[in-house]
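Per chain, numbering begins at 1; letters A, B, ... match sequence-line order.
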Amino acid sequence: MISVSQLSVSFGAIHALTGVSFDAANGKITAILGANGAGKTTLLRTITGLEEAASGDITLDGESLLKKRTEDIARAGVGHVPEGRGVIAEFTVLENLRLGSLAAKVNFQEGIAEQFELFPVLGERRHQHAATLSGGERQMLAMARALIAKPTVLLLDEPSLGLAPLVTAEMMATISELCAKQNLTVLLVEQNAKSALKVAHDAVVLHLGKVVASASAQEVAGDERLRQYYLGLAEQ
Amino acid sequence: MRTIIRKSVAAAVAASTALGVGGISAVSAGASGSDGVTNNQITIGATVPLSGIASAGYSDVAKAANAVFKYVNAKGGVNGRKINFIIKDDCYGVPGFGCTGTPNTVTQTNALLNTPGGIFATVGSLGTDTQDSVRNLLKSSGVPQLFVNSGSKDWDNPGTYPSLFGWQTDYVAEGKIFANYIKTNFKGKKVGFIGQDDDFGRNGLLGLQRGGLSIPNMGTGDSLGYNVGDIIFSDPFVSKLTQLKNDGVKVVVLDTIPQATKKVLDDAKKLKFAAQFIISGVGSDPQTVNNKNEVGALSMTFFAATGDTKNSWNKWTSKVLLADKADFPKFKSSTILTGNMQYGAGWAVTFLQLVKAMGSNVTQANAVSTLETQGSTFATPAITKLAYSASNHQGLMGGIMVTVKSTTSTTPVKNAKVYTTTDADGTPLVAKTPVNAPVPAWLS
Amino acid sequence: MTWLSSGFMSDVFLGITNGVLYGLIALSLVIVWRSTSILNFAQGAMAMFAAYVGMTMSSHGLNFWACFAIAIAAGFALGGLTERVLVRPLYKRPEINSIVVMVGFLGLLESAAAAIWSTAPRTLESPFSQIYFQHHGSTILLSPFALFQIIAALVIMTAVGAIFRYTNLGLQLRAAALAPEVARLLGVRVNRLLTFGWMLSSAAGVVAAVVISSSGSIGLSPTIMDGFFVFGFIAAAVGGLESPLGAVVAGLMIGLVQQFLQDYAPSGISSFAPVIILVVALMIRPQGLFSTTKARRV
Amino acid sequence: MSKLTTFSDARPTTTRFIKATVATILVALIAGYVLTPSTDIYIATAAAMAVSVMGLSILTGFSGQVSIGNAGFMAIGAYTTAIWANHHEHFPIVLSLVGSMAVGALGGIALGLPATRLRGPYLAGMTLAFGYVMTPFIQSLGSWTGGSGGLYFPVLVTPTWFTSLVGESENLIGANARYQAVLSVLVAGIALFFAANLSNSRVGRAMRLVRDDDVAAELVGVNLAQTRVTAFAASAALAALGGSLLALVAGAATSSTYGVALSIELLSLLVLGGMGSISGAIIAGILAAYTDLIMTKINSLTGIDPFSNLGANMKGIIFGVVLITMMLAAPRGLVGLATTLAAKARRLRSGAN
C-alpha cells in the first residue's frame with residue numbers, strides 16, 4: 001500500500017503540495033484528478049524521489065520512500081511512466097525494453113514475449129527506433145518498458161494525453177486488465193477525469209496542491225460539486 | 001538610469017584616483033636611485049626559466065652560478081663585498097601554469113629594476129628573444145645587461161647598446177669551426193644541414209657558408225629549416241632526413257635545440273640513416289639530450305670536456321656544487337658535470353673577475369670600461385679568452401671539437417685544437433693551445 | 001612494391017600514426033561530453049599524470065607492460081576520483097564553472113607533476129622496434145612500434161564502441177547520457193555510470209599518453225599532452241562532440257592533413273592547419289560534421 | 001543559475017564614492033607597503049591587466065560567451081602600438097592607444113561574426129583556436145612584426161614636466177616607472193568607466209538578456225547576432241587597450257607572451273575577481289601583477305627552496321587549487337564573496353537590533 005501523509009512540496013516560494021494525505025490500496029487503481037497545475041505530476045515525482053518533500057511522509061508497505069534515491073525506489077518495485085512518456089527516441093523498441101528489464105534482473109526473453117503478447121504492435125516494430133512510433137505506440141512502449149520489470153506499483157502520468165478517444169479507451173481497458181491480472185497497484189494521474197473514473201476504484205481530487213476529496217471513484221463521480229468545480233465535467 | 005551611470009563613474013574614478021594616489025605616495029619608499037652597490041654588497045639579478053617548458057636543464061645554469069656566488073660569499077666575498085644574486089623566474093617569456101601572474105621577462109626585469117636599493121646589472125639572464133625584449137628597457141634605465149646566456153649576434157652591438165655584453169661563442173663562429181673540421185676530416189663528403197628557422201639556425205648556417213661549405217640558404221618549406229612550433233605538435237624531420245639520405249649526404253650539421261636534436265637522432269635511427277652528426281653546443285649537451293643515439297656525434301664546447309675530471313676548473317666547479325646542498329641536493333663527488341653547470345659557473349666566475357678588477361671603484365660605468373679594457377685577461381673556466389674590447393661585446397670567440405662519449409659525458413676529438421675566429425667572412429681560424437688558466441687562489 | 005615507400009604513402013603512414021592518437025583523445029573527450037556535458041580541459045593532464053604514476057614504476061624494475069597496466073589502473077582511479085570530487089558539484093551549474101574548474105585542474109596536475117617528477121623528460125623503454133621497415137632498399141615509413149600504436153588505438157576505439165553498442169552497460173551509459181531522469185526511473189544507477197564514464201574516458205586517454213611518451217626519446221614530461229590535447233579537442237569539435245565515430249574519423253583526417261601540409265605547404269602553416277580545418281568545418285556545420293543532433297540546444 | 005553581479009546599487013552616490021575610494025586606497029596601500037616598497041611597475045601591470053580582464057568580462061560576464069582566446073586581442077593591441085612606434089619617432093600616446101583599440105575592435109568583429117553561429121564548447125573551441133593561431137600567425141608576418149623575436153621600441157619617454165613634478169629627476173628609473181603607473185591607471189580608470197557605462201546602457205542590458213535567455217531576448221526585439229558581435233568588438237577593444245598598455249610599459253611586443261596560456265590566465269583571473277563587475281576586474285588586475293610576489297612570500301614563509309621542484313611549481317599548484325575551490329565554493333569570485341559576507345553581516349546586525 002502506498003500511503004501519503006501530510007506531504008508538502010515547494011519550489012522556492014511556490015507551494016506545489018500542501019498537507020496531502022491519502023492511501024492507495026494494493027491491487028487497485030487510484031485516480032489522481034485535478035486541473036492543470038493542481039500538483040498531480042509533482043505528487044508522482046515526489047513518490048519516486050524526483051522532487052524533494054519539505055515535510056510529511058510517503059510509505060510503501062510501511063517503509064518510507066522519502067530518503068531513498070529514485071533508482072532504489074524503482075528497484076523496490078515502483079514503476080513510473082512519466083509525463084510525456086519518456087521513451088528514448090534514439091533507442092529501438094527492443095533497446096528501450098531491455099533498458100527497462102536490466103535493473104529488475106528478470107529474464108528478458110520471457111519478459112518481451114509477455115509484453116509483445118500484451119502489445120502486439122510493439123512486436124511488429126521491435127527493431128524500429130522509438131522516434132518513428134506514433135503517440136499511442138509510444139505510450140504502449142512506455143508502459144511495456146515499466147511492466148517488464150514486474151513492478152508492484154505503477155505510476156502513470158497522463159497516459160491519455162494526445163491520444164485519440166478510441167485509443168484512450170483501449171489504453172484504459174488495458175490498465176484495468178493489468179491491475180486485475182497482476183494485482184498491480186496503480187496511481188493514475190489524469191486530466192481526463194471521465195475516462196479515468198471509469199476504470200479507477202478510488203479517486204483523489206487535488207486543487208492548488210491540496211486534497212479536496214479522497215473517496216471511492218463512484219462517490220467522486222457522483223458528487224456534482226466536485227464534477228463541476230474541480231473536474232470540469234458537465235452534468236451527467 | 002542616469003544616477004546609475006553617475007555611480008559607476010564615481011566608482012571608476014574613485015578606483016583610478018585611489019590607485020594613482022597609492023602609486024604616488026609610494027614615492028618615498030620607491031627606487032632610491034642607487035645602483036645596488038653598498039660597502040659590503042653588490043646586488044645583481046637575472047631572469048631565467050625555473051618553471052615551464054624551458055626549465056628542464058636550463059634551470060641548472062642559474063643554480064650553478066648561484067652556487068658559485070654562495071661559495072665566494074662564504075669566503076668573505078670579493079674586495080669585501082658579497083654578491084646578492086636575485087633570480088626571477090620568467091618562464092622563458094611565456095606565461096602559463098606554473099608561470100601565473102604574467103611573469104614574463106619584461107615584468108620580471110622591471111621587478112628587478114625596482115629592487116630596493118636598485119641593482120647593479122642583470123647578469124646571466126637567459127634566452128635570445130627574452131633578452132632582446134628588455135634591451136631598450138635596461139638601456140633606458142642605465143643598468144648594464146651582462147653575459148646574456150645565448151649565442152645570438154644581438155649582444156655584440158656596442159654602438160647602440162654600449163652596456164650590453166654577451167658571453168658565449170656565437171653561432172656564426174661555431175659554424176665556421178664546424179666547416180673547418182668537416183673540410184679537414186670529411187673531405188669530399190656531401191654535407192647536409194637542419195636548423196631552427198630563426199636567428200639560431202640562420203646564423204649557424206651563415207657560419208658554415210663563411211667557412212667555405214656550399215649549403216643553400218634556408219627557404220620556406222625546404223628541407224633545411226624547422227619551426228619550434230612544429231616539433232611540439234608533430235615531427236617535421238622524417239621527410240627532411242629521407243631527402244638528405246636519398247641525396248647521399250654523409251655529414252649532417254644540426255642547429256637544433258635539445259628537444260629537436262632528440263627527434264632528429266631518433267628519426268635517423270628509425271630510417272637507418274647512419275650519417276655523422278655535428279650538433280651545435282646549444283643543442284648537444286648529452287645529459288639534456290639523454291639519447292643513446294647521440295653517442296658518436298660531434299659538437300663544440302668552449303669548456304673542458306665534461307668527462308675531463310682532471311681539469312682544474314671542472315674539479316673546482318664540482319667542489320662548489322658539492323658545497324651547495326640546497327640547490328644541488330643530489331650532487332655527489334662522482335657526479336659528472338653537465339654543460340649547463342659549467343656554463344653557469346663560467347659566467348659567474350667572469351662576473352667575480354670583473355668585480356675583482358674594478359677594485360674599489362664599483363660603478364656601472366666602470367664595469368663597462370673594465371670589461372672592454374681588461375675582460376680579455378680574465379681567467380675563467382672557458383678554454384679560450386674572452387675577446388671583449390671597445391668594439392667587441394660578444395665574449396668568447398672560439399671552441400674545441402668534442403665527441404659525445406656517452407649519455408653523460410663528452411671527450412675532445414683526437415688532436416683537438418682550440419680555434420678562435422671572428423664572424424667576418426674570410427677571416428681564418430686561428431689554432432691555439434687550450435687556455436687552461438689556473439683557478440686563482442682567491443677563488444679556490 | 002615501390003608505391004609503399006612513395007612520398008604519398010609515407011605521408012599517409014605518418015598521418016595515420018599521429019591521427020589515431022588525436023582520434024583516441026577526441027574519443028575520450030566525447031565519452032565525457034555525451035554523459036555529463038562537460039568539456040574536460042584537464043583530459044590530457046589527467047592522462048599524463050596517470051602515465052607518470054605507472055611508468056615511474058619501471059625504475060622499480062617492472063617491465064613495460066606491467067607499468068602500462070598500472071598506468072591504466074591509475075587512469076581509472078583518477079577519472080573516478082575526479083568525477084566524484086570535482087565534477088559532481090558542477091552538474092546543473094553554468095558552463096563557465098566547469099570550464100574554469102577543469103582548467104584549474106589542468107594547471108594543478110601539470111604543476112604537481114613537475115613538483116613530484118620534475119620537468120626533465122623521462123625516457124620510457126619502448127617494447128617494439130622503432131626502426132622503419134625496409135623493402136628492397138627503400139624505406140616504408142611504418143615501424144613495429146607505429147603498428148603497435150595504430151593497433152592499440154584501434155583496439156581501444158573498437159572496445160569502447162563495442163561497450164557502448166552491444167553491452168547492457170553501454171545501453172545504460174547511453175540512456176544515462178540521453179535521458180538521465182528516465183534512466184533513474186528505470187532503476188539505472190546514473191551516478192555510478194557517470195563515474196564509470198569518466199573512468200573509461202580517463203583510461204583511454206592514458207593509453208594515448210603512454211604511447212606518445214614511449215614513441216621516441218622525447219619521453220614523458222608534464223606538458224607532453226598539451227599539443228595533443230589541442231588537436232584532439234579540435235578533432236572532437238570537428239567530428240561533433242556527440243559522435244564517437246566522428247571523433248575518430250576527424251582525428252585521422254587532421255593527422256593526415258597536417259602531415260601533407262607539412263610536406264607541401266610553406267613551413268609554419270602546418271602548425272595551425274588544424275585550426276583552419278576547425279573554422280571551416282564549424283562554418284559548414286556549427287554542430288560538428290558527424291553530429292546527428294539537428295541543432296544545438298540553446 | 002545565480003545572477004551575476006551587476007552595477008545597480010541603491011545606496012547614495014557620495015557614500016559609494018567614499019567607500020570605493022577608501023577601499024581602493026587601502027588596497028593600494030597594502031599593495032604598496034606590505035608586499036614591496038616599490039610598486040609602480042606592478043601598478044602599471046595591474047592597470048593593464050585590469051583593462052584586459054574587463055574586456056573578457058564584457059564578453060563572458062555580460063553576454064555569456066566564454067572565450068579562451070582573448071590574449072589574441074591583447075596581441076593585436078600590443079603589435080599595433082609597437083608597429084606604430086617603430087614607424088613614428090614621436091608618437092602621441094593617446095592616438096596610439098585609440099588606434100590599438102580600433103584595430104582590436106576590428107579583430108573582434110572579424111572573430112565575432114562567425115562565432116555568433118556557435119554555442120558552448122564550440123564557441124570556446126573557436127576562440128581557443130583563434131588564440132592558439134595568433135602566435136604563429138604573428139611570427140609568420142616576418143619583417144612586419146619582427147618574427148619570433150618580436151618588436152622593440154624605446155620605452156615611454158617621461159616628459160620633463162612630470163619628472164620635475166614628482167621631484168625624482170635624479171632618478172630616471174623611478175620617474176619613468178611612476179609616469180607609466182600614473183598613465184596606465186588613468187587610462188584604466190577611463191576604460192573601466194566606459195565599461196560601466198556600457199553595462200548600464202541599452203546595449204549592456206541587451207547583452208545580459210541574451211546571456212540569460214536568448215529566445216526571450218529575441219522575442220522582445222533584441223537582435224541576437226548584432227548584440228553578440230557588439231560584445232566581441234567591445235571586448236576585443238578593451239583587450240587590445242590592455243595589450244597596448246603592457247607593450248608601452250615593456251617597450252616591446254613579443255608574440256609568445258600572448259599565447260593560449262595568457263588567455264587561460266585571463267579567464268581564471270576573471271573568475272577569481274568576479275565576473276561582470278568593475279571591482280572584480282580591478283582585483284583581478286592586482287592579483288595578476290602581484291601573484292609572483294605573493295608566491296615568493298609564500299615560499300619564504302614556508303621555507304621551501306624556490307629552486308626545488310616544489311618551490312618552482314608552487315605557483316601553479318596554488319593557482320590551480322584556488323581556482324578550483326573558488327569556482328566550487330564561491331562561483332561569483334572575490335567580489336561575490338565579499339557581497340555575500342557583507343549581506344550576512346548586515347543580517348546579523350539587524351537581527352541583533
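When every heavy atom of Gly316(D) is checked against every heavy atom of Ser111(C), the shortest pair comes out as CA-OG, 3.1 Å. Contact detail for Val103(C) and Ser268(D): the closest heavy-atom pair is CG1-OG, 4.4 Å. Listed here is the closest heavy atom pair of Asn309(D) and Ala115(C): CB-O, 3.2 Å.
For Glu218(D), there are no salt bridge (Lys or Arg N to Asp or Glu O under 4.0 Å) partners, not counting sequence neighbours. Judged as a salt bridge (Lys or Arg N to Asp or Glu O under 4.0 Å), and not counting sequence neighbours, the contacts of Arg88(C) are Glu83(C).
In this structure, CD on Glu110(C) lies 10.0 Å from CG on Asn313(D), to the nearest 0.5 angstrom.
Contact of Ile318(D) with chain C is not made at all, since no heavy-atom distance falls under 4.5 Å. Contact annotation for Leu109(C): neither backbone nor side-chain heavy atoms come within less than 4.5 Å of a heavy atom of chain D. With a 4.5 angstrom heavy-atom cutoff, Ile99(C) touches chain D only via side-chain atoms. Only the side chain of Phe233(C) comes within less than 4.5 Å of a heavy atom of chain D; its backbone N, CA, C and O stay farther away. Contact annotation for Leu123(D): neither backbone nor side-chain heavy atoms come within less than 4.5 Å of a heavy atom of chain C.
Remark: side-chain polar atoms of Tyr122(D) are not paired, donor with acceptor, to backbone N or O of Gly240(C) under 3.5 angstrom. A donor-acceptor pair is defined here as one N or O able to donate and one able to accept, closer than 3.5 Å; such a pair exists between the side chain of Arg93(C) and the backbone of Leu328(D).
Taking chain D as the reference chain and counting heavy-atom pairs below 4.5 Å, the highest number among Ala236(C), Pro222(C), Ser118(C) is found for Ser118(C).
Looking only at side-chain heavy atoms (C-beta outward), Ile96(C) and Met275(D) come within less than 4.5 Å of each other. Between Val100(C) and Leu323(D) the shortest side-chain heavy-atom distance falls below 4.5 Å. At least one side-chain heavy atom of Met126(D) sits under 4.5 Å from a side-chain heavy atom of Met283(C). Within the 4.5 Å cutoff, no side-chain heavy atoms of Phe41(C) are placed close to those of Ile264(D).
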